[in-house]
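Since the structure is predicted, the reported quantities are computational estimates derived from the model, not experimental observations. What you see below is based on every heavy atom in this structure, not just the backbone, and it leaves out hydrogens, waters and symmetry mates.
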Amino acid sequence: MLRTLRLLGVLATSVASAQAQSEHLGSITFPTSGSTAAQEHFIRGTLYLHSFEYELAAQEFQAAQRLEPGFAMAYWGEAMTYTHPVWNQQDKLAALAALNRLAPTPEQRAARAPTPREKAWLHAVEVLYGPGTKEQRDTLYSGAMERMAAGAPGDDEAQTFYALSLLGLSQGVRVVPTYMRAGAIALGVMQRNPDHPGAAHYAIHAFDDPIHAPLGLHAAEMYSGIAPSAAHAQHMTTHIFLALGKWDDVVKQNIIALGTDSTKWMPGHYSSWLEYALLQQGRLADASHLLDLMARNMSGSVPLSQRGTLVLMQDYYLINTEQWDFAPPALDIDGAGPMLRAVQVFSRGYSALKRNELDHARSQLESLRALTHIDGTPAQVGVLASELAGLVQVSTGDTTQGLWLLRRASAIEDTIPVEFGPPLIVKPTHEALGEAYLELGRPTEAEREFQRALELAPGRMRSILGLARAATLAGNASGAERAWGQLRQVLARADSA
């Protein structure tokens with residue numbers, strides 16, 4: 001109980017502020033032909049939509065439909081809740097079912113839209129859910145939104161939905177030039193309307209990698225206040241904060257997103273980011289309590305996604321605390337994708353290696369290699385396999401082959417577009433290579449690897465610690481002083497020894 005109170009103590013001021021702005025989701029201008037009562041729900045639905053609160057958005061659009069069954073834009077809105085561009089998710093059948101309640105064909109639906117602008121919005125959504133593959137439809141939809149935006153440069157809704165469509169073009173993989181275009185559009189809308197939730201949200205998504213995160217910092221600082229009633233908005237700010245290593249903010253905002261009733265906290269996006277940030281701060285007792293809390297709250301039958309997230313959180317704990325005997329209760333993740341299974345297998349193999357259980361580590365390496373042969377396996381799985389193989393070779397004394405494998409793993413990781421959030425390569429390859437160089441008495445090379453690791457993951461505690469040690473051993477007094485100073489800042493809230 002005391003641990004729960006400590007973890008939640010950060011909430012007091014922030015929750016009071018959010019309650020003072022109860023049910024505020026931002027503000028937009030989106031005129032339609034709907035009645036006053038239906039328009040109120042339509043605007044609210046669009047505000048929820050901009051903050052990716054898709055279920056709540058659908059409820060508002062359906063409320064507008066009940067008030068005015070012929071309100072075409074209410075059906076447009078509900079259909080839009082079934083596409084999640086940044087997450088590369090789309091439920092075409094559900095979207096078409098919503099549109100079909102307006103009218104059975106695109107032509108008949110268009111006839112229900114009384115203005116040219118509303119017809120244009122309906123045309124865009126018909127393209128999004130029309131014939132073709134998802135990739136083709138996303139591309140055609142973005143083209144339709146580009147034309148709408150070009151025809152009305154002052155229409156913030158056309159601009160923001162166009163920016164969001166650009167983020168969806170890459171099918172879940174960051175394409176930097178396209179993301180920069182989306183971010184520039186979103187920032188332009190923010191200049192006109194600083195209270196626009198979509199503008200802040202999409203700017204954050206566009207810039208949430210370590211290189212570009214400073215461009216999204218203002219949007220991140222604004223978004224939680226723009227939409228305090230949207231849990232996703234509270235979490236979303238941490239896409240920038242994590243990329244910059246601002247751990248206090250990552251912890252605070254994800255606790256707010258989870259809510260004040262910790263008995264309802266479940267493993268998911270917010271909790272996994274919270275766990276990772278607590279570990280970076282050295283708050284190991286809080287991180288351990290969070291794992292226990294998640295396990296207690298998962299009573300009865302729970303979805304695979306929640307079990308998988310808890311496994312990931314456990315792996316973060318193991319790798320970042322270096323408590324190699326940590327053995328949480330086993331969770332069934334049969335049916336999970338190869339990436340999650342690879343993280344679990346790598347973590348088991350890595351910890352076995354640290355316990356000098358070489359045969360066990362080799363067994364896990366073989367399981368990891370098998371996962372690389374599954375169709376559609378992400379490149380990160382191959383990185384983890386090469387990394388573990390290199391570490392096994394180094395541990396057996398074959399440093400030449402081991403370091404080559406580790407360098408190959410880091411070279412491949414460097415080619416993978418930087419993703420937001422805690423790393424799926426749970427032991428970053430440059431960090432692992434730096435530690436290997438340190439153990440081999442090669443601090444100058446280790447220093448270089450830790451510096452690269454921190455370019456990819458600013459503020460990561462283990463990389464800062466490695467850099468401080470390497471710089472000290474290399475005789476780099478100024479570099480060591482900076483690194484030790486940064487480590488003290490990161491660990492300012494760490495558990496006392």
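For the ring-ring contact (aromatic ring centres under 6.0 Å, His included) with H205, the qualifying choice from H212, H50, H239 is H239, the only one to do so. With F326 as the fixed residue, the ring-ring contact (aromatic ring centres under 6.0 Å, His included) test singles out one of Y317, Y350, Y316: Y317. Remark: of the listed residues E413, R407, R408, E387, E413 is the sole one forming a side-chain hydrogen bond (donor to acceptor under 3.5 Å, both in side chains) with T429.
Counting heavy atoms of neighbouring residues, nucleotides and ligands inside a 6.0 Å radius, atom CG of L358 exceeds 12 of them. Within 6.0 Å of CD on Q323 lie more than 12 heavy atoms contributed by other residues, nucleotides or ligands.
Not one N or O on the side chain of N320 forms a donor-acceptor pair closer than 3.5 Å with the backbone of M461. At distances below 3.5 Å, at least one donor-acceptor pair connects side-chain atoms of N297 with backbone N or O atoms of W265. Of the possible donor and acceptor atoms, none in the side chain of E449 sits under 3.5 Å from a partner among the backbone N and O of L467.
Under the 4.0 Å criterion applied to side-chain N and carboxylate O atoms, D495 and R283 are not assigned as salt-bridge partners. A salt bridge does not link D315 with R348: every distance from a Lys NZ or Arg NE/NH1/NH2 to an Asp or Glu carboxylate oxygen is 4.0 Å or more.
Side-chain contact between T160 and H196 is present, with at least one heavy-atom pair separated by less than 4.5 Å. Residues F241 and T238 have side chains in contact (heavy-atom distance under 4.5 Å, counting atoms from C-beta outward). Using a 4.5 Å heavy-atom threshold, the side chains of L49 and F161 count as touching. Counting heavy atoms from C-beta on, the side chains of H430 and L456 come closer than 4.5 Å. Within the 4.5 Å cutoff, the side chain of L403 has heavy atoms near those of the L440 side chain. In this structure, M190 and H218 have side chains that are in contact, with non-hydrogen atoms separated by less than 4.5 Å. Looking at I256 and K252, their side chains come closer than 4.5 Å, going by heavy atoms from C-beta outward. Using a 4.5 Å cut-off on side-chain heavy atoms (C-beta onward), N254 and H269 make no contact.
Two rings, from H201 and F52, have their centers less than 6.0 Å apart.
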CA sep, side-chain torsions, deciding dist, call: K134, D138, salt bridge (charged side-chain N to carboxylate O under 4.0 Å, His left out) = CA-CA 6 Å; K134 178 181 180 297; D138 286 344; 2.7 Å; yes
Full working for salt bridge (charged side-chain N to carboxylate O under 4.0 Å, His left out) between E455 and R460 | CA-CA 10 Å; E455 289 174 1; R460 181 174 162 82; over 6 Å; no
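Among residues two or more places apart in sequence or in another chain, the side-chain contact (heavy atoms from CB on, under 4.5 Å) test is passed with R355 by W324, D325, S351, A352, E357, H360.
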